[in-house]
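One structure is given below, encoded as structure tokens.
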Amino acid sequence: MSETTTMSQRPAAPFQTESFRLTRPQIVGPETPEPPFPIRLGGPVQRGFGRGGKDLGCPTANLPDESIETISSIAKTGVYYGYAQVLCPKKGNELSEEDLKVHPMAMSLGWNPFYKNERMTAEIHIMHEFEADFYEYDMRVVVLGYIRPELDYTSREALIEDIEIDKNVAQRSLDRPEYRKFSSDKHFVLN
């Protein structure tokens, strides 16, 4: 994403409809990841808008803008799936051993039109209940597939319902042998 990307360049997102929700597949992507996947990202977790966990019941970890340049230059906005890992800091770790493992994730890449974001973000929901916050911890991500386009919503409830579907689709899509292999990708720090 270049520094010149502004809100005026943000593409309009179509609205989510009930017919879209009813026709969503339960598993997405081919049996094995195909280019441009896997896409490897990483960087320190940034403070976001504070609405993922509080407003939507789906806490997210945000990567810094410079970390998402790679994916934003080759992938369209939307929701993706893959794996993520929060790395143990050199000092001051408040996370458990389980927290530091590789976990499935769903990621929103885009402008989040429901909230009228002014810049593109990568908001990663790691499917694990963490014991503590991990702002400024390094995080590594391997993106393996695309779930759906970025949509706008007429209500927060419709957005929450689609987020829950996205998480289920991500889990099912990753539960295939060629995708599970990436949970031990060389991008991660494995013990």
Side-chain angles (χ1 to χ4, degrees), residues 1 7 10-29 37 39 41 45-65 67-68 71-72 75-86 95 98-99 101-135 137 139 141-176 179 183:
M1 177 176 70
M7 190 170 151
R10 177 178 68 197
F15 276 95
Q16 182 276 350
T17 62
E18 188 63 26
S19 61
F20 172 81
R21 182 178 293 123
L22 294 174
T23 60
R24 292 193 54 189
Q26 297 297 305
I27 296 176
V28 293
F37 306 108
I39 300 170
L41 307 171
V45 174
Q46 308 291 299
R47 287 195 181 272
F49 303 101
R51 58 183 177 231
K54 293 180 187 99
D55 200 27
L56 302 173
C58 180
T60 59
N62 296 358
L63 286 173
D65 292 348
S67 296
I68 64 172
I71 192 168
S72 65
K76 56 190 170 188
T77 59
V79 179
Y80 291 82
Y81 63 95
Y83 292 99
Q85 180 187 35
V86 177
L95 299 179
E98 188 65 27
D99 289 342
K101 291 182 178 178
V102 175
H103 298 284
M105 69 84 186
M107 176 183 79
S108 169
L109 175 70
W111 301 91
N112 297 315
F114 182 75
Y115 288 103
K116 314 285 188 261
N117 283 11
E118 294 185 14
R119 63 184 175 87
M120 183 183 284
T121 58
E123 299 178 8
I124 296 154
H125 173 69
I126 301 174
M127 293 182 229
H128 170 74
E129 189 84 26
F130 285 85
E131 293 183 11
D133 288 337
F134 48 90
Y135 296 114
Y137 284 53
M139 179 172 59
V141 177
V142 176
V143 182
L144 296 172
Y146 178 76
I147 295 176
R148 65 170 175 86
E150 178 175 49
L151 300 170
D152 201 349
Y153 292 86
T154 55
S155 72
R156 188 172 62 90
E157 291 73 22
L159 172 57
I160 291 169
E161 189 172 331
D162 261 6
I163 288 170
E164 291 304 312
I165 293 170
D166 294 336
K167 291 177 350 187
N168 289 328
V169 170
Q171 291 274 24
R172 286 187 195 100
S173 298
L174 289 168
D175 194 27
R176 295 178 284 179
Y179 288 85
S183 66

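Both backbone and side-chain heavy atoms feed into the values below; hydrogens, waters and symmetry mates do not. Being a predicted model, the structure only gives us computed values, none of them experimental.
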Given 3.5 Å as the limit, does a donor-acceptor pair link the side chain of [X] with the main chain of [Y], or not?
X	Y	value
S67	L41	no
H125	P59	yes
H103	E129	no
N168	E164	yes

Could you tell me the separation between the [atom1] atom of [X] and the [atom2] atom of [Y], rounded to the nearest 0.5 Å?
X	Y	atom1	atom2	value
I39	I68	CD1	CD1	12.0 Å
T77	Y146	OG1	OH	6.5 Å
L95	K101	CG	NZ	13.5 Å
E161	D166	CD	CG	11.0 Å

Are side-chain heavy atoms of I27 and R176 found at a separation under 4.5 Å? yes

Are the side chains of R148 and I165 in contact, using a 4.5 Å heavy-atom criterion? no

Shortest non-hydrogen contact from [X] to [Y]?
X	Y	value
Q171	P104	OE1-CG, 3.7 Å
L109	K76	CD2-O, 3.9 Å
D99	E131	OD2-N, 3.3 Å
P25	V169	O-CG2, 3.4 Å
S173	V28	OG-N, 2.9 Å
I163	C58	CG2-SG, 3.7 Å

Between D65 and Q46, does the side-chain contact (heavy atoms from CB on, under 4.5 Å) criterion hold? Intermediate values first, please. CA-CA 9 Å; D65 292 348; Q46 308 291 299; over 6 Å; no

Applying ring pair (Phe, Tyr, Trp, His ring centres under 6.0 Å) to Y179 and not counting sequence neighbours gives Y81

Contacts of F130 meeting ring pair (Phe, Tyr, Trp, His ring centres under 6.0 Å) (sequence neighbours excluded), chain-then-number -> H128, F134

Assess the residue pair L63 and M107 against the criterion (side-chain contact (heavy atoms from CB on, under 4.5 Å)); give the C-alpha distance rounded to whole Å, side-chain angles, the decisive distance to 0.1 Å, and a yes or no. CA-CA 11 Å; L63 286 173; M107 176 183 79; 5.6 Å; no

Stepwise, does the side-chain contact (heavy atoms from CB on, under 4.5 Å) test hold for K167 with I147? CA-CA 10 Å; K167 291 177 350 187; I147 295 176; over 6 Å; no

